[in-house]
There are 2 protein chains.
Amino acid sequence: MARQANPNLQGQLLDAAVTVFAERGLLAAKVSDITDLAGVSKGAFYLHFESKEALYEQMCRQFIADLTGHLAGHGSLLCGPEALGMHVVDQLATADEALLDWLWQRRVHLQMVLAGAAGTPLAHLSDEFIEAIENSMLASIERMHCASCVEPMLTSQFLAAMATGLIVMYARKLVQSRERPAVTRDVHHFRRIMMLGALLTPDQLDTLWTSAAIHAVPAAAPSAH
Amino acid sequence: MARQANPNLQGQLLDAAVTVFAERGLLAAKVSDITDLAGVSKGAFYLHFESKEALYEQMCRQFIADLTGHLAGHGSLLCGPEALGMHVVDQLATADEALLDWLWQRRVHLQMVLAGAAGTPLAHLSDEFIEAIENSMLASIERMHCASCVEPMLTSQFLAAMATGLIVMYARKLVQSRERPAVTRDVHHFRRIMMLGALLTPDQLDTLWTSAAIHAVPAAAPSAH
DNA sequence: ACCTGAACACCGTTCAAGT
DNA sequence: ACCTGAACACCGTTCAAGT
């Protein structure tokens with residue numbers, strides 16, 4: 001039971017907990033890791049928090065709520081007056097860059113929610129995190145569909161999954177890298193693909209790029225397996 | 001220590017283990033869950049396997065090796081004679097569909113590797129799984145770059161991350177759904193985006209789709225938060 | 001009022017004892 | 001030769017005792 005609490009110590013425990021949860025996930029995080037880092041006894045933990053699980057849940061839900069708040073303000077389609085006259089694809093790119101910045105600044109919390117709580121009743125929290133992003137993407141893309149910007153054959157669900165998959169791949173890299181990655185170029189690439197695809201020039205489609213051309217090229221430097 | 005072993009029982013334990021690991025991840029999986037499911041005592045487990053971790057590692061590495069084998073044969077760019085004359089984007093789409101089918105048929109193992117081993121020395125195994133896909137994508141895209149199919153501004157790393165992100169998002173859905181999703185349509189969507197982008201018609205770019213058009217549309221049905 | 005640390009329960013692992 | 005289950009260690013949680 002969380003009973004009386006020295007709020008100072010509670011703050012130290014919160015800071016210690018997010019670090020330990022990020023490093024190890026919920027199950028492998030030891031209460032003694034957290035209390036050692038905060039400089040108190042193991043028992044003191046239970047003066048401040050119901051349980052290890054309850055603390056993890058509280059911190060993840062707060063993070064997801066903060067994310068939802070960010071997306072409401074800087075969602076994948078901009079809503080403010082600065083967006084007027086801005087190309088929708090540029091709006092998407094701007095919002096993606098803002099989201100990645102936001103995640104970078106909170107990468108310890110990001111690492112915590114991605115490390116996850118597999119095998120516990122809180123396993124769904126990582127899914128909720130990803131769904132928060134996907135839902136924001138979905139809402140924006142549905143608006144674009146209604147405005148007839150988007151090829152009608154492409155479902156909003158698919159486009160939202162693609163954009164979210166890219167963000168999540170990127171988020172995994174943010175957690176691993178020590179210095180802030182240069183996001184701008186990749187966001188620009190995403191913009192180009194949304195507008196024109198990934199291939200060289202549309203007017204050459206269906207004429208050149210068959211496997212005969214591909215396999216005539218010597219194998220690329222085998223940077224992969 | 002894995003000592004002598006009734007190979008029959010070993011098979012039962014392997015079957016039980018993948019089920020329990022998929023359901024709970026490495027840390028939350030109890031050895032007694034596995035042995036109960038196989039109908040033996042807890043101690044018998046250690047006649048067959050070094051430890052719970054070692055078994056998890058063995059099964060994940062086998063799965064990743066099988067995946068690598070599949071990708072070598074049906075990698076994101078086809079290599080066989082059937083590929084001659086096939087458009088490269090259709091090759092990518094065909095290979096993606098084959099990969100998703102392969103993953104669907106092994107979705108218990110997929111779930112096991114995604115459930116993960118956070119906080120243990122085996123935490124990197126989920127990353128290795130994703131990297132196996134990313135490396136295969138990267139190799140194919142580099143070949144396409146060498147054949148000058150791809151817009152040169154778009155790096156292979158970015159395109160591989162995008163394709164992999166989509167596959168991983170899809171893999172998460174495979175694990176959750178009970179009946180095999182219809183993959184073909186989504187693969188077709190991916191194909192269209194690679195070739196022409198996601199927007200309605202390239203010749204309307206930079207003229208219509210500013211936020212003024214978007215925000216004039218009544219808010220879409222709020223299927224998201 | 002707040003904190004400590006011994007004690008308890010749970011589960012991974014070991015091993016002496018069964019068949 | 002193979003399996004069992006009691007015993008041990010580790011860690012989440014509790015609580016009687018300190019200050």
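Quick note on labels: first sequence line is chain A, next is B, and so on, each numbered from 1. Excluded from the calculations below are hydrogen atoms, water molecules and symmetry mates; all remaining heavy atoms, backbone and side chain alike, are included.
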In Å and rounded to the nearest 0.5 Å, what is the CD1 to CG distance from Ile167(A) to Leu103(A)? 7.5 Å

Rounded to whole Å, please give me the gap between CG in Leu122(B) and P in dG12(C). 15 Å

For dC2(C), the Watson-Crick or wobble partner whose two distances fall under 3.5 Å: dG18(D)

Heavy atoms of other groups near Gln12(B) CD, more than 12 under 6.0 Å: yes

For the pair made of CD in Gln12(B) and P in dC2(D), what is the distance, rounded to whole Å? 15 Å

Does the Arg192(A) side chain pair with the main chain of Gly197(A), one donor and one acceptor, at a distance under 3.5 Å? yes

Respond yes when some side-chain nitrogen or oxygen of Tyr46(A) is under 4.0 Å from OP1 or OP2 of dT13(D), and no when none is. yes

Tell me the interatomic distance from Asn8(A), atom CG, to dC3(C), atom C1', rounded to whole angstroms. 15 Å

Whole-Å distance separating the CG atom of Leu55(A) from the C1' atom of dG12(D): 14 Å

For a quick test of reading the model: is some side-chain N or O of His48(A) closer than 4.0 Å to OP1 or OP2 of dC2(C)? no

Side-chain heavy-atom pair Asp33(A), Glu23(A) within 4.5 angstrom cut-off: no

Would you say that Phe49(A) contacts Leu14(A) through its side chain, given a criterion of any heavy-atom pair below 4.5 Å between the two side chains? yes

Expressed in angstrom and rounded to an integer, what is the separation of Leu47(A) atom CG from dT4(C) atom P? 9 Å

Tell me the interatomic distance from Glu50(A), atom CD, to dG12(D), atom P, rounded to whole angstroms. 16 Å

Given dT4(D), dT13(D), dT13(C), identify the nucleotide with an atom nearest to the side chain of Ser51(B). dT13(C)

Need the pair for dC11(C). Rule: Watson-Crick or G-U wobble, both distances under 3.5 Å, any strand; none if unpaired. none

Whole-Å gap separating P (dC2(D)) and CG (Leu9(B)): 11 Å

Working note: Asp96(A) + Arg191(A), criterion salt bridge (charged side-chain N to carboxylate O under 4.0 Å, His left out); need CA distance, chi angles, decisive distance, verdict. CA-CA 10 Å; Asp96(A) 282 348; Arg191(A) 178 184 177 287; over 6 Å; no

Rounded to the nearest Å, what distance is computed from the OH atom of residue Tyr56(A) to the P atom of nucleotide dG12(D)? 15 Å

Could you go through nucleotides 5-11 of chain C and list every protein N or O atom that sits under 3.5 Å from one of its N or O atoms, giving the distance for each pair?
from: dC11(C); atom 1: OP1; to: Lys30(B); atom 2: NZ; distance (Å): 2.7

Beyond-backbone contact of Gln58(A) with Glu50(A), side-chain heavy atoms, under 4.5 angstrom: no

